[in-house]
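See below for the structure under consideration.
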Amino acid sequence: MKKGNSIMPGKSLTPQEMEYKKIISSRLNELLLKSGKKKSDITRQTGLPASTLTGYFGGKRLPSEESVVKLASFFNVSEDYIDPRLDPNIALNSHRDPKEDDLKTADLADDDTIFTFEGKPIPEQDLEYMKRLLRGGRK
């Protein structure tokens, strides 16, 4: 996550980002309750505006990394405890499915590629049949 990277108003969020908002909100509320402090204390000590904190605590906004650092310092916890996007060991942190990196594509029209099925090359006449099926029966 880049410094200062927060979600812009009006931008539709991914399901993953929606989940992050819930997690961050829950953790911030838990920390506030355990600390016995008030949001006004956070504003005073971190410089984060009260309206911004309301968005974070209410699960309406995702904090920037800079804000997470300030909040973690205030509550004396690690940044990744507040925001799982900063935890390199959490699967939620990946914006891509790791299996996608292993996928390979090939075009049936590519004559330089040997296509296989169950470890055996697909005969040329079967490839032609597959191409016709994909074209909707056209040659």
Side-chain angles (χ1 to χ4, degrees):
M1 188 167 79
K2 294 179 183 169
K3 193 170 185 170
N5 184 15
S6 62
I7 302 304
M8 300 300 292
K11 179 185 175 209
S12 62
L13 299 177
T14 65
Q16 187 176 34
E17 289 167 329
M18 298 292 281
E19 187 63 24
Y20 287 141
K21 286 196 309 185
K22 290 178 191 174
I23 292 168
I24 294 166
S25 170
S26 173
R27 290 182 181 173
L28 287 174
N29 282 295
E30 170 199 339
L31 289 167
L32 187 63
L33 184 65
K34 286 182 178 178
S35 72
K37 297 191 179 192
K38 299 176 183 175
K39 289 181 192 171
S40 59
D41 297 325
I42 302 172
T43 296
R44 191 170 32 262
Q45 290 183 27
T46 65
L48 294 170
S51 61
T52 299
L53 292 176
T54 298
Y56 298 161
F57 279 82
K60 303 291 183 202
R61 292 185 62 180
L62 280 171
S64 66
E65 186 173 350
E66 182 180 351
S67 294
V68 173
V69 169
K70 290 178 181 181
L71 290 165
S73 177
F74 178 84
F75 287 116
N76 197 28
V77 296
S78 66
E79 288 93 0
D80 64 345
Y81 177 75
I82 292 175
D83 189 340
R85 297 175 297 174
L86 302 176
D87 185 346
N89 299 315
I90 282 193
L92 285 175
N93 206 19
S94 175
H95 296 289
R96 291 181 50 133
D97 183 348
K99 293 177 184 174
E100 283 182 19
D101 294 334
D102 298 334
L103 296 177
K104 296 180 178 110
T105 62
D107 192 327
L108 278 176
D110 186 358
D111 293 331
D112 296 334
T113 303
I114 298 173
F115 293 93
T116 62
F117 180 71
E118 296 179 343
K120 299 175 186 169
I122 300 173
E124 185 62 35
Q125 65 271 17
D126 290 349
L127 285 173
E128 288 303 319
Y129 179 68
M130 290 168 57
K131 289 177 192 177
R132 276 197 312 272
L133 284 173
L134 292 170
R135 289 183 190 119
R138 300 182 318 262
K139 286 197 174 199

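- Closest approach of G58 to S25, counting heavy atoms only: C-OG, 3.9 Å.
- In terms of heavy-atom proximity, S64 sits nearest to Y56 at N-OH, 4.0 Å.
- Residues that satisfy the salt bridge (Lys or Arg N to Asp or Glu O under 4.0 Å) test with K21, not counting sequence neighbours, are absent from this structure.
- Between P121 and I114 the shortest heavy-atom distance is CB-CG2, 4.3 Å.
- Salt bridge D41/R44: present, at least one basic N to carboxylate O contact under 4.0 Å.
- A distance of 8.5 Å separates CZ of F75 from NZ of K37, quoted to the nearest 0.5 Å.
- Remark: T54 OG1 to K39 NZ distance equals 5.0 Å, nearest 0.5 Å.
- Distance check: I82 CD1 to E30 CD gives 10.5 Å after rounding to the nearest 0.5 Å.
- Considering only residues two or more places apart in sequence or on other chains, S78 meets the side chain to side chain donor-acceptor pair (under 3.5 Å) condition with D80.
- Side-chain polar atoms of Y129 and Q125 form no donor-acceptor pair below 3.5 angstrom.
- For the atom pair L48 CG and F74 CZ, the distance stands at 10.5 Å (nearest 0.5 Å).
- In this structure, the side chain of R61 does not engage the main chain of T52 through any donor-acceptor pair within 3.5 Å.
- When each of L71, L53, I42 is paired with L32, the side chain to side chain contact (heavy atoms under 4.5 Å, CB included) condition holds for I42 and for no other.
- Within the model, atoms CD of E19 and CZ of R85 stand 13.0 Å from one another, a figure rounded to the nearest 0.5 Å.
- Looking at N29, its side chain does come within 3.5 Å of a backbone N or O of F57 through a donor-acceptor pair.
- Between M130 and I122, the closest heavy-atom pair is SD-CG2, 4.4 Å.
- Here D126 pairs with nothing under the side chain to side chain donor-acceptor pair (under 3.5 Å) rule; sequence neighbours left out.
- The nearest pair of heavy atoms linking P49 to T43 is C-OG1, 4.1 Å.
- Cluster membership check: V69 does not share its hydrophobic cluster with I24, using side-chain heavy-atom separations under 4.5 Å among Ile, Leu, Val, Met, Phe, Trp and Tyr.
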